[in-house]
Amino acid sequence: MSSVVRSAVTGVGAYLPEEVVTNDDLAKMIDTSDAWIFERTGIRQRRRAAPDQATSDLAVEAAKRALEVAGRRPQEVDLIIVATTTSDLTFPATAAIVQRKLGVPVCPCFDVQAVCSGFVYAMSVADGFVARGLSRCAVVIGAEIMTRLMDWTDRGTCVLFGDGAGAVVVEPISGTGEGTDRGILGFALRCDGEKQDLLYVDGGPTTTGTVGHLRMMGREVFRHAVVNISEAVLMAADRASVKVADIDWFIPHQANQRILDGVAKRLGIPESKVISTVAMHANTSAASIPLAFAQGVEDGRIRPGQLLLLEAMGGGLTWGAVALRL
Ligand code: UT7
């Protein structure tokens with residue numbers, strides 16, 4: 001049995017902005033109802049960032065909590081990756097702003113843009129650094145203020161999204177190379193750019209010169225979601241040398257309860273093993289997996305040594321999955 005370096009998650013943290021926006025609050029602004037939103041999506045409420053909050057502010061709070069749990073100080077951090085689609089500025093990267101606000105010394109800091117799949121992509125990048133000995137204390141953050149991308153006259157999209165941030169600390173640990181190791185065991189990353197028109201933002205610095213608004217063909221995205229996500233989960237599990245049946249907790253991207261249920265059913269994962277926060281947070285894009293992860297750890301369901309399967313799908317279309325043992 002050879003010895004390998006694995007990337008272990010040693011701390012998880014989350015931050016949610018204070019303001020709660022319920023479905024009933026939205027029904028006062030647009031032609032919708034709590035019943036429609038809940039039946040179609042499972043969403044009851046979402047959080048909205050204060051006007052003076054930027055994505056980096058949410059990211060910093062989540063990172064502080066994850067570092068506290070890991071017993072690490074910002075001065076020890078040597079890599080920051082922020083998965084976001086709602087950066088503070090066109091540049092610098094939100095990760096550079098987070099570095100300054102946290103007081104992290106000079107080190108690689110950059111953003112990963114894979115929309116709702118961003119956290120899964122960012123974890124795989126962090127694994128590349130940590131497992132190669134290039135980082136001993138990485139912070140991977142998913143942070144979004146999706147409410148700033150909404151067209152508040154489009155009821156088909158504006159009811160679905162919310163704001164928040166989640167973070168993990170990733171550190172090296174030695175393993176045997178088997179599926180019984182702690183740490184990141186395997187992942188699958190996918191993108192099909194031909195499906196760009198199904199989910200995108202209609203603005204950008206080199207096209208319209210504006211930020212733009214989120215546009216989605218919801219039914220079409222839904223149609224691809226269950227099949228694509230299930231495929232990525234199976235691929236990640238295979239690469240990790242683990243069986244889907246052995247997963248302790250399934251931590252999906254929180255877009256729609258019906259998608260969560262559909263994927264779990266297709267993969268034969270019982271409802272009791274699925275972490276679902278979509279009712280409370282709505283779709284927070286790249287933040288949704290670490291937010292759900294933190295929730296599961298904080299309430300004592302997710303424990304060290306357990307096998308976790310993270311998955312997501314979003315604009316691009318991108319999708320992917322990560323298998324890891326905590
Ligand atoms: O994280 C990125 C991934 N994104 C997703 O996973 C989203 C995937 N898609 C979905 O979750 C669902 O497609 C939605 C929740 C977005 C929509 O559910 P649907 O069952 O596909 O509804 P629909 O878009 O086909 O619309 C059905 C009806 C329409 O009315 P008509 O044309 O049948 O008269 C819509 O106008 O529902 C109407 N509708 C609404 N009614 C009340 C659309 N949005 C609303 C609303 N309130 N907010």
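Numbers here simply count residues along the sequence, with the first being 1. Order of appearance sets the numbers: ligands from 1, and atoms from 1 within every ligand. These values consider heavy atoms only, across backbone and side chains, with no hydrogens, waters or symmetry-generated copies.
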To check your reading of the model: name the closest protein heavy atom to [atom], its residue, and the distance in Å.
atom	value
atom 3 (C) of ligand 1	Val221 CG1, 3.8 Å
atom 11 (O) of ligand 1	Asn256 ND2, 2.6 Å
atom 30 (O) of ligand 1	Arg155 NH2, 4.4 Å
atom 1 (O) of ligand 1	Asn283 ND2, 2.6 Å
atom 47 (N) of ligand 1	Thr32 OG1, 2.7 Å
atom 12 (C) of ligand 1	Phe222 CD1, 4.0 Å
atom 6 (O) of ligand 1	Ile259 CD1, 3.1 Å
atom 22 (O) of ligand 1	Arg40 NH1, 3.2 Å

Q. Would Trp249 and Ile269 satisfy side chain to side chain contact (heavy atoms under 4.5 Å, CB included), going step by step from the backbone distance to the final call?
A. CA-CA 9 Å; Trp249 291 106; Ile269 299 171; over 6 Å; no
Distance under 4.0 Å to a non-hydrogen atom of [X]: what atoms of ligand 1 satisfy this?
X	value
Val159	48 (N)
Met216	4 (N), 7 (C)
Ala255	1 (O), 6 (O)
Cys116	1 (O), 2 (C)

Q: Please determine which of Asn23, Thr22, Asp25 meets the side chain to side chain donor-acceptor pair (under 3.5 Å) test together with Arg46.
A: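 Option passing the side chain to side chain donor-acceptor pair (under 3.5 Å) with Arg46: Asn23.
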Q. Do you know which of His281, Glu144, His253 makes side chain to side chain donor-acceptor pair (under 3.5 Å) with Ser288?
A. His253
Q) Hey, is the main chain of Val130 close enough, under 3.5 Å, to the side chain of Ser7 for a donor-acceptor pair? A)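 No, the answer is negative, given that no donor and acceptor are paired below the 3.5 Å cut-off.
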(Q) If I compare all heavy atoms of Gln254 with all of Ala292, which pair ends up nearest, and what's the gap? (A)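 Closest approach of Gln254 to Ala292, heavy atoms only: NE2-CB, 3.8 Å.
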Between [Y] and [X], is there a salt bridge with N-O shorter than 4.0 Å?
X	Y	result
Arg65	Glu68	no
Arg44	Asp34	yes
Asp57	Lys101	yes
Asp31	Arg155	yes

Q) Is it the side chain, the backbone, both or neither of Leu199 that has a heavy atom closer than 4.0 Å to ligand 1? A) side chain
Q.
Is the contact between Leu160 and ligand 1 made by the side chain, the backbone, both, or neither, using heavy atoms and a 4.0 Å cut-off?
A.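 For Leu160, the contact with ligand 1 is made by the side chain alone.
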Distance flag for [atom], protein heavy atom under 4.0 Å:
atom	value
atom 33 (O) of ligand 1	no
atom 38 (C) of ligand 1	yes
atom 19 (P) of ligand 1	yes
atom 43 (C) of ligand 1	yes

Q: Could you please spell out the steps behind the salt bridge (charged side-chain N to carboxylate O under 4.0 Å, His left out) verdict for Asp197 and Arg215?
A: CA-CA 8 Å; Asp197 292 348; Arg215 305 293 173 204; over 6 Å; no
**Q.** Nearest-option assignment for atom 40 (C) of ligand 1, heavy atoms, candidates Phe161, Trp36, Trp319
**A.**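 Nearest option to atom 40 (C) of ligand 1, by heavy atoms: Trp36.
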Q. To which of Met146, Arg258, Met217, Arg219 does the heavy atom nearest atom 23 (P) of ligand 1 belong?
A. Arg219
**Q.** Result of checking Leu102, Asp111, Thr55, Asp88 against Ile97 for side chain to side chain contact (heavy atoms under 4.5 Å, CB included)
**A.** Asp88
Q | Test applied, side chain to side chain contact (heavy atoms under 4.5 Å, CB included); reference residue, Thr147; option that passes from Arg47, Glu19, Arg48 | A |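 By the side chain to side chain contact (heavy atoms under 4.5 Å, CB included) criterion, Thr147 pairs with just one of Arg47, Glu19, Arg48: Arg48.
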Q.
Within the 3.5 Å criterion, strictly below it, is a donor on Glu171 or Thr10 matched to an acceptor on the partner's side chain?
A.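 Yes - a donor-acceptor pair under 3.5 Å links their side chains.
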Q.
With a 4.5 Å cut-off on side-chain heavy atoms, are Met280 and Gln45 touching?
A. yes
Q. With a 4.0 Å cut-off on heavy atoms, does Ala225 reach ligand 1?
A.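 Checking ligand 1 against Ala225, which is what was asked, there is no heavy-atom contact under 4.0 Å.
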Q) Between Thr41 and ligand 1, is there a nitrogen or oxygen pair with a distance under 3.5 Å? A)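 No: no nitrogen or oxygen of Thr41 is under 3.5 Å from one in ligand 1.
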Q | Backbone or side-chain N or O of Gly218 under 3.5 Å from ligand 1 N or O | A | yes
